[in-house]
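Every chain is numbered from 1, with letters handed out A, B, ... down the list of sequences. Everything quoted here is computed from the prediction, not taken from an experiment. What you see below is based on every heavy atom in this structure, not just the backbone, and it leaves out hydrogens, waters and symmetry mates.
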Amino acid sequence: MYYLQDLNPVQREAVESGEGPLLILAGAGSGKTRVLTYRIAHLVAKGINPWNILAITFTNKAAREMRDRIQVLVGSEGEGLWVATFHSSCVRILRREISKLPGYSRSFVIYDAQDQLTLIKECLKVLNLDEKKFAARAVLGVISEAKNKLLDVSSFAAQAKDYFLEKAADVYRLYQRKLLDYNALDFDDLIMLTVRVFRECPEVLEYYQKRFRYILVDEYQDTNHAQYIFINLLAKRYRNLCVVGDDDQSVYGWRGADVQNILDFERDYPEAKVLKLEQNYRSTQTILNAANEVVGNNFNRKAKALWTENKEGDKIILYKASNEHEESRFVMEKIRNLCDAEGRSYSDFAILYRTNAQSRVLEEHLMKEGIPYRIYSGLKFYERMEIKDILAYLRLVHNSADRVSFARVINVPKRGIGKGSLDKILEYTEEQGMPVLEALTEAAYIPGLQARGVSALTSFYEIIARLKSRAQKGISVTELTEQILKETGYMVALRQENTVEADSRIENLNEFLSVTAEYDHNLQDYLGNFELEEGQNMTILGGFLEQVSLVADIDNYDEAEDAVKLMTMHSAKGLEFPVVFAVGLEDGMFPSSRSLLEQYLLEEERRLCYVTITRAKEKLFLSHAEQRMVYGHLESRLPSRFLQEIPKELLAEESSYREILGRGFGLSPTRDNSFGNTRSWRDKGSPVVNSDPGRFQVGDKVEHPKFGPGIVMAVKGEGKGAEISVVFRNEAKKLIAEYAKLVKIYSE
DNA sequence: GTGACCACACTTTTT
DNA sequence: GTGTGGTCAC
């Protein structure tokens, strides 16, 4: 096996180790993808039928990459291998099996976050719940959490222990019923219902257990409970489960990922072999040391010692900017310098930030400087209004019961069907229990509709019905899309607007047409992948809709493109760059203000910091600003506590003040400007009972009789009248020093 | 039914 | 500061 020579001894053992459960703890940059792909190739080389192998990833990008790499190793012998994300695997299974669950149909559509929210709001309205008290987002969050834990409506309701949760259970019940009515599944359903099929239909489970004799899971630390059960049900029969992950890179706890899954693997599979990949091939000694030091401050982790044979490399540059603009300016300057001095290309650079909102200022500066860039987060292509509109049309053509899509487009472009008429149609549909589109054929009987409305609705129906019959005859998605844009008047309406904005929308729609064209082009491959069986009602259009509903922006990541890459720290996970700028490293930003109050949240942020640092291969720049505009208010900020967890000898400091004004000015508004003066709560520091209410500082930990413990995030003004912004456990408040019954617990 | 205007959340992170 | 959603006048 020639390829085994590419591996170090542990990697090799991981690849060669045969049957039985295997846990691979793979530190950042330790060649985990290589191990996974080689392991699959090795299984195939040993004569295992690829058809019996399932490899699961989290992103399409990771799946594609893995498929490509395996292809190189085994060539066409890989035929039949499943390499897919959790979600797309489950969709595939459900497309075959979901009709075994009462009421569900195989032709379901998939609702994204926006659709979910729309539907939740619809439910809140029906249930007469005040949207002030029951924020749609919060309710959706609770429901999603329940689904991730595989709680169905009745078990969720049974354990609802307060008023909010009781009402949320009502929403959950209605929400599920509506999804069923509209023939739609949300993201969480994909996993939950697959598990349900497995549990309720032993013969289905058995089929897949036998088929997937060898299972590999990437990023196992990011699995949530539902995904965990899904995998473990499948692996139960043969126990050939190989999971790869790094508990230090678990950064999706907030969306239900449970690090415990990887930490408990040895408990679940006592016979498991455990291997640790600890040699890092990516980063310099300096970068790796910094990352190790930071993450070493976490308590709940498996001991690991990442090392490298790479050279020591440059010191990490730490930059203190006066504000976010100056910080951006610094980044631009460094990019220019490194391009000139070291002949680097733009594609060598990545700028990473905690929140999407931070990209705006950076983008402005990049534009001004004429530096090519690409943003991999923020408003996503598929979330743009015009794209959502055209998708809604396509979905309605595909599924005449999809009320969310119907409601979205019935009056786009304007057809004189306002909110009142829409409500009447929906009400009528509800009563008649028919697909919403079909109800339009009876528009004349819908009570309360004007004749004008009736004719508008009838002609709308005719357009969609016509398009539908053409779709059934098998015209391409591109043709269908073009016809929708034309026949619904959507394009004409946009052109008539004649604004810059409308032009960009048209441009996006053209971009969308190239997506459909690509799909049409690849149709053969794609359907091949789906292993269609006779009678399986998988239309061309359905395949397209499914594909677009499962893509994320990062999936379109192009490593080679000659542009600076901007993305959130989360999106950067799994990627690497020669030069990394991590910006906005300030307490309250990163770690986020919400994480400051709970140890476990802070630890997740620290892991995110570890992930961020280990993205860099050669050079790492860390920056923070002393003042920053937040929600339109200027706020003073302190350097991130993570910065002081990096040993000073690994750092070289640069500061705008020093450059401009020289040393010794002590200009920092809150403390002297030597870095590292902040204190984390874990430090001793005697509790101080506040005696002078005027003396609050950013970073103080305080206690409020009503709101509980909190952190001072900003102080505006001085003395008794000072306005103090404090983040409490559940809320952020602005308080006036004189009146707020704040007690200072820790002080500097 | 439509469009203009105002108030007010909102900022984590995404398959 | 921005985007959304609600209200009101036409």
Side-chain angles (χ1 to χ4, degrees), chain A residues 56-63 84-91 110-114 116-118 121 125 131-132 135-138 141 144 147-148 185-191 218-219 222-224 226-227 250-257 324 352-361 364 376-380 382-383 385 410-423 449-450 452-453 456 549-555 567-574 584 588-596 601 604-605 607-609 611-612 628-634 727 731-732:
Chain A
I56 300 266
T57 62
F58 269 85
T59 65
N60 295 302
K61 179 180 172 287
T85 64
F86 272 102
H87 295 272
S88 61
S89 306
C90 287
V91 170
I110 300 165
Y111 275 4
D112 69 10
Q114 266 179 60
Q116 289 180 308
L117 222 44
T118 311
K121 283 178 187 162
K125 211 168 285 167
E131 284 207 42
K132 288 259 153 49
R137 257 173 198 292
S144 170
K147 290 183 173 188
N148 287 162
L185 305 189
D186 68 18
F187 266 113
D188 305 313
D189 281 340
L190 297 177
I191 317 282
D218 193 12
E219 308 273 21
D222 286 336
T223 50
N224 62 36
Q227 290 160 338
S250 160
V251 293
Y252 286 108
W254 52 274
R255 65 172 193 214
E324 72 271 26
L352 309 181
Y353 36 78
R354 182 63 178 78
T355 65
N356 280 311
Q358 290 169 264
S359 66
R360 233 191 63 230
V361 176
E364 280 169 23
Y376 287 94
S377 43
L379 186 59
K380 289 156 201 69
Y382 289 103
E383 285 171 14
M385 187 174 84
I410 184 61
N411 202 31
V412 181
K414 302 261 179 301
R415 297 187 179 89
I417 313 292
K419 213 181 137 319
S421 309
L422 177 61
D423 283 346
L449 280 191
Q450 311 265 305
R452 207 166 39 125
S549 56
L550 293 175
V551 299
D553 258 21
I554 199 72
D555 292 333
M567 65 185 84
T568 63
M569 294 167 173
H570 281 87
S571 303
K573 187 155 148 267
M589 196 98 193
F590 184 50
S592 78
S593 54
R594 287 169 198 227
S595 68
L596 290 174
L601 292 174
E604 178 152 315
E605 296 281 300
R607 291 192 291 270
L608 184 58
C609 185
V611 167
T612 304
R628 179 179 298 271
M629 201 69 104
V630 184
Y631 316 124
H633 293 287
L634 196 62
V727 179
E731 58 218 306

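- Note on Asn356(A): a side-chain N or O is less than 4.0 Å away from OP1 or OP2 of dT13(B).
- The NE2 atom of His570(A) sits 9 Å away from the P atom of dT13(B) (whole-angstrom rounding).
- Annotation: dT13(B) and dT4(C) have their P atoms spaced 15 Å apart (nearest Å).
- Under the rule for a side chain to side chain contact (heavy atoms under 4.5 Å, CB included), the partners of Arg137(A) that lie at least two apart in sequence or sit in another chain are Leu117(A).
- Chain A approaches DNA chain C over the interval dG1(C) to dG5(C), counting the first and last nucleotide 5' to 3' with an atom under 4.0 Å from its heavy atoms.
- At the phosphate of dG1(B), OP1 or OP2 sits under 4.0 Å from a side-chain N or O atom of Ser421(A).
- Residue side chain Tyr252(A) fails the stacking definition with respect to dT14(B), as its ring centre and the base's six-membered ring centre are not both under 5.5 angstrom apart and under 30 degrees in plane angle.
- Considering only residues two or more places apart in sequence or on other chains, Leu422(A) meets the side chain to side chain contact (heavy atoms under 4.5 Å, CB included) condition with Phe406(A), Ala407(A), Ile410(A), Leu426(A).
- Among residues two or more places apart in sequence or in another chain, the side-chain hydrogen bond (donor to acceptor under 3.5 Å, both in side chains) test is passed with Asp189(A) by Lys147(A), Gln176(A).
- Straight-line distance from the CZ atom of Phe58(A) to the P atom of dT14(B): 14 Å, rounded to whole Å.
- If you measure from atom CD of Gln116(A) to atom C1' of dT15(B), you get 11 Å, rounded to the nearest angstrom.
- Note on Lys573(A): nothing from the nucleic acid sits closer than 4.0 angstrom, heavy atoms only.
- Checking dT14(B), dT15(B), dT11(B) against the side-chain heavy atoms of Ser571(A) singles out dT14(B) as nearest.
- Residues satisfying the side-chain hydrogen bond (donor to acceptor under 3.5 Å, both in side chains) test with Tyr111(A), not counting sequence neighbours, are Asp402(A).
- Nearest heavy-atom pair, Phe187(A) versus Leu550(A), reported as atom, atom and distance to 0.1 Å: CE2-CD2, 3.7 Å.
- If you take CE of Met569(A) and P of dT14(B), they are 12 Å apart, rounded to a whole angstrom.
- Atom CD1 of Ile110(A) and atom P of dT15(B) are 14 Å apart (whole Å).
- Taking side-chain N and O atoms only, Thr568(A) has a distance below 4.0 Å to OP1 or OP2 of dT14(B).
- The OH atom of Tyr111(A) sits 19 Å away from the C1' atom of dT15(B) (whole-angstrom rounding).
- Distance, Glu219(A) CD to dT14(B) P: 14 Å, rounded to whole Å.
- Annotation: of the two residues near DNA chain B, Leu422(A) and Val630(A), the 5′-most nearest-nucleotide partner is Leu422(A).
- Taking the side-chain hydrogen bond (donor to acceptor under 3.5 Å, both in side chains) definition, one finds that Ser549(A) meets it with nothing, sequence neighbours left out.
- Contacts of Asp218(A) classified as side-chain hydrogen bond (donor to acceptor under 3.5 Å, both in side chains), with partners at least two apart in sequence or in another chain: Lys32(A).
- Among the protein residues, Arg607(A) comes within range of no part of the nucleic acid, since none of its heavy atoms lies under 4.0 Å from any strand.
- Take the nearest nucleotide of DNA chain B for Ala135(A) and for Arg255(A): the residue whose nucleotide is more 5' is Ala135(A).
- Every residue two or more places apart in sequence or in another chain that forms a side chain to side chain contact (heavy atoms under 4.5 Å, CB included) with Ala357(A) is listed here: Thr355(A).
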Give me, pair by pair, the N or O atoms of the protein and of nucleotides 2-6 of chain B that are less than 3.5 Å apart, along with how far apart they are.
from, atom 1, to, atom 2, distance (Å)
dT2(B), OP1, Gly416(A), N, 3.1
dT2(B), OP2, Asn411(A), ND2, 3.1

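- Surrounding CD of Glu364(A) are more than 12 heavy atoms belonging to other residues, nucleotides or ligands, all under 6.0 Å away.
- In this structure, Gln114(A) atom CD and dT15(B) atom P are separated by 14 Å, rounded to whole Å.
- With Thr85(A) as the partner, the side-chain contact (heavy atoms from CB on, under 4.5 Å) test is satisfied by one option alone out of Ile56(A), Val91(A), Asn60(A): Asn60(A).
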